[in-house]
Amino acid sequence: MSPSLELKYSHTLGIAAMEGRGFSNPVDLAISIDRRIYVVSRTNPLQTYGIRIGICNLDSDYFGDFGSYGSGNGAFVWPTALAFDREDTLYLADEHNNRVTIFDKSGGFLDKWGVQGQGDGQLNGPAGLAFDENDDVYVSDHLNNRVQKFTKKGGFLFSFGAKGEGEGEFNLPWGICADADGDVFVADWRNDRIQKFSPDGRFLATIGESGQGDGQLSRPSSVTVDKNGFIYVADWGNERIQVFDAEGNFHLKLRGQATLSKWADEFYEANPDEKLERETSTLIPELTSEVDTPHEESARIEPYFWGPTSVKLDAEGRLYVTESNRHRIQIYQTVIS
């Protein structure tokens with residue numbers, strides 16, 4: 001019998017903040033060996049001082065942040081993805097600077113690689129990072145409509161994919177992951193699907209199709225796979241998470257169940273006027289017929305995902321959903337039966 005999966009809500013991390021404790025339009029996270037959570041805030045073009053990588057843990061302890069806006073060493077402009085290698089070194093993809101920047105766990109700049117272009121080893125909008133068991137890294141080369149594989153020092157190994165709608169082709173690929181067998185899953189953003197490849201880039205399967213129904217996708221932005229083969233997708237355009245089984249069949253969906261984070265609780269305790277305003281507000285309103293898209297629904301219902309850009313799993317089977325529009329992370333425990 002195939003295993004069954006449940007997702008049990010645990011808690012929420014985050015609060016909107018342009019500096020210090022909190023996030024500003026976070027787009028991805030990575031988890032270190034010692035279980036610290038590194039969250040990259042992309043912020044917005046009018047408030048570039050909010051760009052940074054913040055460090056916290058599951059208990060909402062905050063350990064500081066690093067990074068700045070720009071093109072110098074250790075700076076970034078449009079960050080898209082974070083990933084740790086096996087030595088606990090942090091890698092960041094920057095689609096504006098068309099490069100990968102490397103930091104130590106304390107945020108110290110170590111190196112960078114990548115130049116803009118269409119040739120082998122060149123990048124045009126890198127959007128996703130995923131390490132394999134050999135510590136080589138796959139990069140979703142978004143605007144070049146391909147995936148490239150590099151050594152972690154930036155040495156080009158090979159690439160696969162081209163622009164199109166057929167098997168093995170892409171239209172603006174975004175998130176990427178590698179499973180325990182080394183197979184590679186790519187969120188084929190504008191084609192509204194996930195594609196699965198062998199470690200050497202051979203097409204294996206397609207998961208999902210365009211739409212709003214169960215198992216259908218709208219602009220998927222991220223994908224991750226657990227040890228049982230369940231495939232978790234940030235169904236960004238539908239404002240939800242969907243889970244597929246190892247054969248690519250729809251298993252469950254989730255719109256979000258967020259409660260206030262510890263940081264938000266502390267903010268309201270220190271600001272009683274705003275706490276009172278919140279307590280007298282309708283946070284889960286009845287929706288009118290004019291509210292007819294997932295985006296409009298999520299904008300009005302606070303517990304729902306709004307802008308789910310990234311899904312990640314930790315070693316204990318917790319699922320982390322990064323929500324860009326609500327500046328937070330919802331955490332769920334996976335339960336297999």
Under 3.5 Å, is there a donor-acceptor pair linking the side chains of [X] and [Y]?
X: S32; Y: D88; value: no
X: T89; Y: E87; value: no
X: S24; Y: T43; value: yes
X: R255; Y: S298; value: yes

Name of the residue among D200, D132, D141, D135 meeting salt bridge (charged side-chain N to carboxylate O under 4.0 Å, His left out) with K149:
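Filter result, single survivor: D132.
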Sole residue of R240, K253, R193 in salt bridge (charged side-chain N to carboxylate O under 4.0 Å, His left out) with D235
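The passing option is R240.
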Donor-acceptor pair, distance only, cut-off 3.5 Å: does the side chain of [X] make one with the backbone of [Y]?
X: R99; Y: F76; result: no
X: S310; Y: D28; result: no
X: Q333; Y: E316; result: yes
X: S221; Y: P308; result: yes
X: T206; Y: E167; result: no
X: R326; Y: Y304; result: yes
X: H142; Y: G128; result: no
X: N144; Y: G117; result: yes
X: N97; Y: G70; result: yes
X: T280; Y: E277; result: yes

Derivation of the side chain to side chain contact (heavy atoms under 4.5 Å, CB included) call for F305 and L254:
CA-CA 9 Å; F305 301 122; L254 187 65; 4.0 Å; yes
Can you tell me if [X] has over 12 outside heavy atoms packed within less than 6.0 Å of its [atom1]?
X: Q118; atom1: CD; result: no
X: E286; atom1: CD; result: no
X: W236; atom1: CH2; result: no
X: E165; atom1: CD; result: no

How far does [atom1] of [X] sit from [atom2] of [Y], to the nearest 0.5 angstrom?
X: D104; Y: L90; atom1: CG; atom2: CG; value: 9.0 Å
X: H295; Y: W306; atom1: NE2; atom2: CH2; value: 5.5 Å
X: D188; Y: L172; atom1: CG; atom2: CG; value: 8.5 Å
X: K105; Y: I33; atom1: NZ; atom2: CD1; value: 6.5 Å
X: D314; Y: Y320; atom1: CG; atom2: OH; value: 3.5 Å

Between the side chains of D192 and R219, is the shortest nitrogen-to-carboxylate-oxygen separation below 4.0 Å, so that they form an ion pair?
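Salt bridge between R219 and D192, a charged N being under 4.0 Å from a carboxylate O: yes.
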Tell me, do [X] and [Y] make a side-chain contact under 4.5 Å, heavy atoms counted?
X: K112; Y: I102; result: no
X: Q122; Y: N98; result: no
X: E266; Y: K262; result: yes
X: S60; Y: L13; result: yes
X: K196; Y: I231; result: no

For F23, which residues count as a ring pair (Phe, Tyr, Trp, His ring centres under 6.0 Å) partner, sequence neighbours excluded?
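Counting only residues at least two positions away or on another chain, F23 forms a ring pair (Phe, Tyr, Trp, His ring centres under 6.0 Å) with W263.
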Results of ring pair (Phe, Tyr, Trp, His ring centres under 6.0 Å) for F66 - residues two or more places apart only
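Here the qualifying residues are F103.
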Looking only at the aromatic ring of each residue, does the gap between the centers of F197 and F158 stay below 6.0 angstrom?
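No: the rings miss the under 6.0 Å criterion.
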Worked check of salt bridge (charged side-chain N to carboxylate O under 4.0 Å, His left out) between E296 and R300:
CA-CA 7 Å; E296 293 298 325; R300 289 163 171 79; 2.5 Å; yes
Positive for ring-ring contact (aromatic ring centres under 6.0 Å, His included) with Y91, one of F84, F131, Y138
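So, applying the ring-ring contact (aromatic ring centres under 6.0 Å, His included) to Y91 and each of F84, F131, Y138, only F131 qualifies.
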Worked verdict on N145 versus N171 for side chain to side chain contact (heavy atoms under 4.5 Å, CB included):
CA-CA 6 Å; N145 293 292; N171 193 345; 4.2 Å; yes
Kindly assign one of parallel, tilted or perpendicular to the pair F150 and W113, based on the angle between their ring planes and the thresholds 30° and 60°.
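Taking W113 first and then F150, their aromatic rings sit tilted (interplane angle of 30° to 60°).
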Report the C-alpha distance between E302 and R328 in whole Å, list the side-chain angles of each, state the deciding distance to 0.1 Å, and finish with yes or no for salt bridge (charged side-chain N to carboxylate O under 4.0 Å, His left out).
CA-CA 11 Å; E302 187 181 82; R328 69 188 181 190; 5.1 Å; no
Go through it in stages, so that I can follow the logic: the residues are F230 and V225, the test is side chain to side chain contact (heavy atoms under 4.5 Å, CB included), and I'd like the CA-CA distance, side-chain angles, deciding distance and then a yes or no.
CA-CA 6 Å; F230 284 107; V225 182; over 6 Å; no
